[in-house]
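It should be emphasised that the depicted structure is a prediction, and the values quoted were computed from it without experimental measurement. Protein chains get the first letters and strands the later ones, always in sequence-line order, with residue 1 at the start of each.
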Amino acid sequence: MPTKLEVRELSAWYGDRQALYDVSIDLTDRATTAIIGPSGCGKTTFLRCLNRLHEEAPGARVAGAIRLDGEDLGAADVVSVRCRVGMVFQKPNPFPNMSVFENVAAGLRLLGVRRREELDQGVAEALVHAGLWEEVEHQLDAPGSSLSGGQQQRLCIARALAVRPEVLLMDEPCSALDPIATAKVEALLARLKSEYAVVVVTHNLAQARRISDTTAFFYLGKVVEVGPTARLFGSPAEKLTENYVNGRFG
Amino acid sequence: MDADVGPATERRRSTDRRLRSLLRRGLAFRLGVTAVGVGLVVVFVGLVVLLVGGASASIARFGPGFLAGTAWDVPRGIFGAWPAVAGTLITSALALLLAVPVAFGVALFASEIAPRWLRAPLAYFVDLGAAVPSVVYGFWALVVLVPFLYGSVDPSLERLSGGAAPFASGSGETNVLAAGVVLAVMIIPTIAAISREALRAVPHELREGALGIGATRWEATRMAVLGPAAPGLVGAVVLGLGRAIGETIAVAFVIGNIYQVQGSLLARGSTIPSWLVNGFNESYGLGRSSLYELAAILLVISVVVNLGARVLVRRFERGARLRPRGARAPIAAPPPREPGTPLGTPAWFARHDAARSARLRRRHGVQLLVVVLAVGAVAVAAWPLVSLIDTAAVNGGAAIVRPSFYTSAPPPSCGIGQTSCPLGGIGPEIEGTLVMVGLAAAVALPLGILGGIYLSEYARRRFSRTVGLLVDVLLGVPTILIGIFVFSVFLAYDRPDDQSAFAGAAALGVLMMPIVVRATELALRSVPTSVREGALALGFPRHRVTLRVVLGSCRSALVTGCLLAVMRAAGETAALVLTAGTSLYWITDLRAPVGALAPFIYDALMVYTNSNYETDAWGAALVLLLMMAVVSLAARLAVRAPDAQGSV
């Protein structure tokens with residue numbers, strides 16, 4: 001599989017505190033990469049660097065390079081970067097004053113899509129894609145916040161998919177969901193990876209094992225080990241990784 | 001029997017006694033806080049009864065025609081409300097029109113745009129602007145704003161409109177436009193402060209959600225922040241409107257105080273509060289009764305605005321969630337697609353690709369424009385405050401560094417134009433402020449805290465909802481009405497000394513009560529239930545949970561609320577002009593008229609017009625400003641100090 005995102009010597013700071021140290025990693029297209037590691041290891045910061053959301057934080061600073069299909073993201077327009085690299089957050093965050101339809105249409109409207117039929121089509125495709133269509137087909141005008149937690153999360157996925165991203169970033173997408181909703185989102189992830197480069201941050205090792213092709217283990221802001229998921233969990237090269245995946249610390 | 005009482009029984013009996021005494025105390029506490037709740041109702045009912053009672057002669061004489069009457073003819077005994085009502089509505093509408101865009105710009109800047117390090121100082125200055133006493137704003141307006149408007153703005157407006165209404169040539173510096181502008185200046189910080197809170201309260205995840213799908217910062221604000229913040233923004237505007245409607249002193253300084261309705265904003269006029277403060281002390285008979293009726297009309301307006309705000313805010317809370325759109329035609333489900341087959345490129349995507357850079361430039365342009373506008377709003381809002389502090393420092397700076405300024409009385413009458421005036425001070429005024437605010441605080445702070453406890457901890461039923469509503473209403477009642485109310489009470493029961501330090505303190509107390517009640521209630525409500533349950537589970541009786549644990553864990557918010565109330569009282573003018581009277585001398589009797597800092601500024605300009613107290617008035621203004629600056633800072637620091645670190 002070709003490399004979609006090339007990360008080279010990425011360091012990130014919040015004010016004086018350095019959160020990432022020289023992270024270099026290749027993220028494969030049409031595959032799921034899981035980022036694991038104990039809390040505070042920089043995995044969320046890493047994810048937020050990939051669509052330059054990190055720089056919205058107060059005092060944030062980055063060094064290093066991220067290339068999307070060889071194009072330097074740091075030099076690109078930040079708004080287009082975020083269209084191409086979509087993000088789904090830990091807590092479902094549909095816009096509370098918008099309907100289901102408007103939530104998904106929001107990104108399309110930003111891009112200047114105005115025609116009714118194009119909006120309708122785009123929204124429907126995104127909802128189908130996110131596996132939510134059947135559940136909300138008849139309540140497109142209901143408030144986005146009236147859906148259940150799992151539905152809200154899939155709505156947020158649909159919202160991100162609507163603008164046709166190439167990479168999908170997910171920050172602990174299931175940590176706020178119950179097991180059934182989690183299963184649905186995981187099934188969705190399994191389908192999505194055939195079309196996108198998916199990067200999932202998770203603290204749930206079992207989940208990382210289930211959904212990912214490649215796993216990267218972060219510790220104290222550094223990449224300790226990257227490898228095919230089965231290999232990383234089965235026979236880790238590093239002692240630290242072994243201790244972590246076997247639950248000796250967390 | 002007593003002979004065979006063992007130690008265990010003895011212990012049980014003593015525990016029983018302790019329990020009973022605790023229960024009694026709990027009951028007494030409960031009755032106490034409920035009494036304060038009832039007291040608030042009594043105050044409001046008393047306000048209504050006394051205003052309407054005072055107005056009865058006027059109501060009987062003029063009937064509903066009073067509202068439409070345009071004359072205020074004391075010799076002939078003909079009175080009508082229309083010029084004052086119209087003036088109130090026009091100046092408030094004008095103020096709102098000017099203030100809302102600026103205030104929203106400031107709030108947007110403070111919440112969404114300003115770099116992190118700038119946010120705290122900015123919030124402080126906004127708070128300070130909201131805390132500056134209205135008499136200081138009025139003084140500044142009279143000296144700086146009014147000449148500026150008269151010199152530069154009025155002529156251009158006249159030219160632009162060709163001398164036609166609503167900018168027909170006026171009759172001098174003071175006019176309706178000036179009143180509208182000074183009101184706008186005063187309510188901008190109020191609206192901005194609350195709007196900023198409303199914007200800040202929107203969870204950060206929503207902004208990120210919008211940024212994450214490629215929104216610019218302004219687009220993120222528009223999509224994800226403005227909707228959820230709408231109820232708060234509406235509330236802020238209505239609060240500003242309420243303040244504009246009730247503002248007395250600053251308007252009285254700059255509006256010209258002519259009782260007529262004219263077609264031009266450049267003509268002199270009056271508002272209900274300004275007309276009340278100008279005429280109330282000298283009025284008698286039917287004229288005074290008509291002033292009472294004006295006051296009652298003002299009360300009705302302020303209550304209507306207040307209740308309207310509640311309805312509006314509630315509608316926004318429900319409605320803002322979803323902007324209703326027209327019925328949509330059902331969307332056909334897209335054809336099923338094998339997983340893995342590409343989505344294909346829709347027409348819009350290709351089109352968007354072609355137009356990408358032009359559209360992006362435009363979106364970034366809008367973002368830049370919003371930032372520029374917001375910065376402009378901050379500049380517009382900052383000018384009055386900066387100019388005010390500067391003017392006060394220049395004119396009063398020399399006075400406040402002179403020790404005798406604090407220890408001596410105002411100089412005996414010193415005519416304008418007289419070259420060497422003896423240097424005086426504002427000692428008696430400081431004394432009067434301290435005494436009245438102290439007396440008021442000694443009563444109103446404890447009672448207010450009890451009232452807040454009642455609303456937060458004990459009240460569960462319809463009556464408590466009524467009390468809560470009344471606290472809201474009382475918070476919005478113009479202070480001039482509180483002045484008239486307290487004046488009437490003392491007039492009825494304390495005949496020879498209707499204006500006194502006691503009356504002034506009572507007015508300040510009534511003013512402070514609802515502020516403290518609301519602050520306490522909010523502070524207590526912010527304490528999580530788990531804290532209460534934790535203490536109850538240990539077997540603490542209810543009243544001790546409230547007093548020790550709950551109050552203890554929100555001390556800083558409580559202190560802030562009390563500080564704000566004291567600050568408001570120290571800067572209050574309108575209510576004191578009616579209740580405390582005027583005096584330039586040290587206090588000898590609390591039942592005699594007394595001077596105070598804020599009213600002294602008013603009196604220096606409006607009453608002692610033959611003396612030159614301007615420098616001393618600026619000194620007093622500067623003292624008030626410094627006081628507000630220090631107290632605002634203390635309040636801000638108190639909020640930031642973590643409560644948990646103190647012992648409970």
Side-chain angles (χ1 to χ4, degrees), chain A residues 51 53 56 58-59 77-84 86-99 101-102 106-113 115-116 118-125 128-129 133-134 137-138 140-143 145-146 156 159-160 162-165 169 191 194-195, chain B residues 115-117 119 202-217 219-220 223-228 230 319-325 327-337 339-349 351-352 355-357 359-364 367:
Chain A
N51 73 344
L53 208 55
E56 301 290 337
D77 180 82
V78 65
V79 166
S80 346
V81 168
R82 291 184 192 143
C83 281
R84 294 176 67 190
M87 181 137 183
V88 176
F89 298 83
Q90 184 166 5
K91 215 173 125 214
N93 57 356
F95 303 131
N97 56 327
M98 291 186 193
S99 64
F101 181 91
E102 288 302 327
L108 297 176
R109 289 190 194 275
L110 286 180
L111 291 175
V113 181
R115 281 183 212 152
R116 185 87 250 176
E118 284 179 357
L119 279 173
D120 284 356
Q121 190 200 353
V123 168
E125 275 180 8
V128 169
H129 214 39
W133 174 257
E134 271 111 54
E137 193 178 357
H138 299 295
L140 290 175
D141 285 324
S145 49
S146 69
C156 293
R159 186 175 70 186
V163 293
R164 307 289 176 129
L169 309 176
R191 273 187 282 127
S194 57
E195 287 159 48
Chain B
R116 176 76 37 137
W117 57 268
R119 287 182 189 178
V202 176
H204 197 65
E205 297 95 71
L206 292 179
R207 294 180 180 84
E208 296 202 320
L211 291 174
I213 54 169
T216 62
R217 281 186 168 218
E219 286 163 347
M223 284 188 335
V225 179
L226 292 187
R321 258 174 229 138
L322 198 55
R323 224 172 300 130
R325 288 177 174 271
R328 110 182 18 266
I331 305 171
R337 202 162 49 82
T341 54
L343 268 169
T345 311
W348 65 262
F349 199 82
R351 221 175 47 233
H352 157 66
R356 175 175 277 165
S357 55
R359 186 170 169 79
L360 259 183
R361 263 204 305 282
R362 209 172 67 232
R363 289 169 63 195
H364 286 305
Q367 164 71 23

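- Contacts between B:Arg207 and chain A at a heavy-atom distance below 4.5 Å are absent for every atom of the residue.
- Considering CG of B:Leu360 and CG of A:Asp77, their distance stands at 4.5 Å, rounded to 0.5 Å.
- Residues passing the salt bridge (Lys or Arg N to Asp or Glu O under 4.0 Å) test with B:Glu205 are A:Lys91, sequence neighbours excluded.
- Summarising the geometry, atom OG1 belonging to B:Thr216 is positioned 7.5 Å from atom CG belonging to A:Leu110; distances are rounded to the nearest 0.5 Å.
- Heavy atoms closer than 4.5 Å to chain B are found in the backbone of A:Pro94, but not in its side chain.
- When each of A:Gln90, A:Arg84, A:Arg115, A:Met87 is checked for heavy-atom pairs under 4.5 Å with chain B, A:Arg115 comes out on top.
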Note to self: Checking B:Met223 against A:Arg109 for the side chain to side chain contact (heavy atoms under 4.5 Å, CB included) test, could you report, in this order, the C-alpha distance in whole Å, the side-chain angles of both residues, the deciding distance, and whether it holds?
What the structure shows: CA-CA 11 Å; B:Met223 284 188 335; A:Arg109 289 190 194 275; over 6 Å; no
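- Scanning all heavy atoms of the two residues, the minimum distance from B:Gly209 to A:Phe89 falls at CA-CE1, 3.7 Å.
- For chain B, no part of A:Leu169 is nearby; none of its heavy atoms comes within less than 4.5 Å.
- Separation of atoms SG (A:Cys156) and CD1 (B:Ile213) is listed at 9.5 Å; rounding is to 0.5 Å.
- Not one N or O on the side chain of B:Arg363 forms a donor-acceptor pair closer than 3.5 Å with the backbone of A:Leu111.
- For the salt bridge (Lys or Arg N to Asp or Glu O under 4.0 Å) test, no residue two or more places apart in sequence or in another chain qualifies with B:Arg119.
- Between A:Leu53 atom CG and B:Glu208 atom CD the span is 5.0 Å, to the nearest 0.5 Å.
- Contacts between B:His364 and chain A at a heavy-atom distance below 4.5 Å involve the side chain alone, from C-beta outward.
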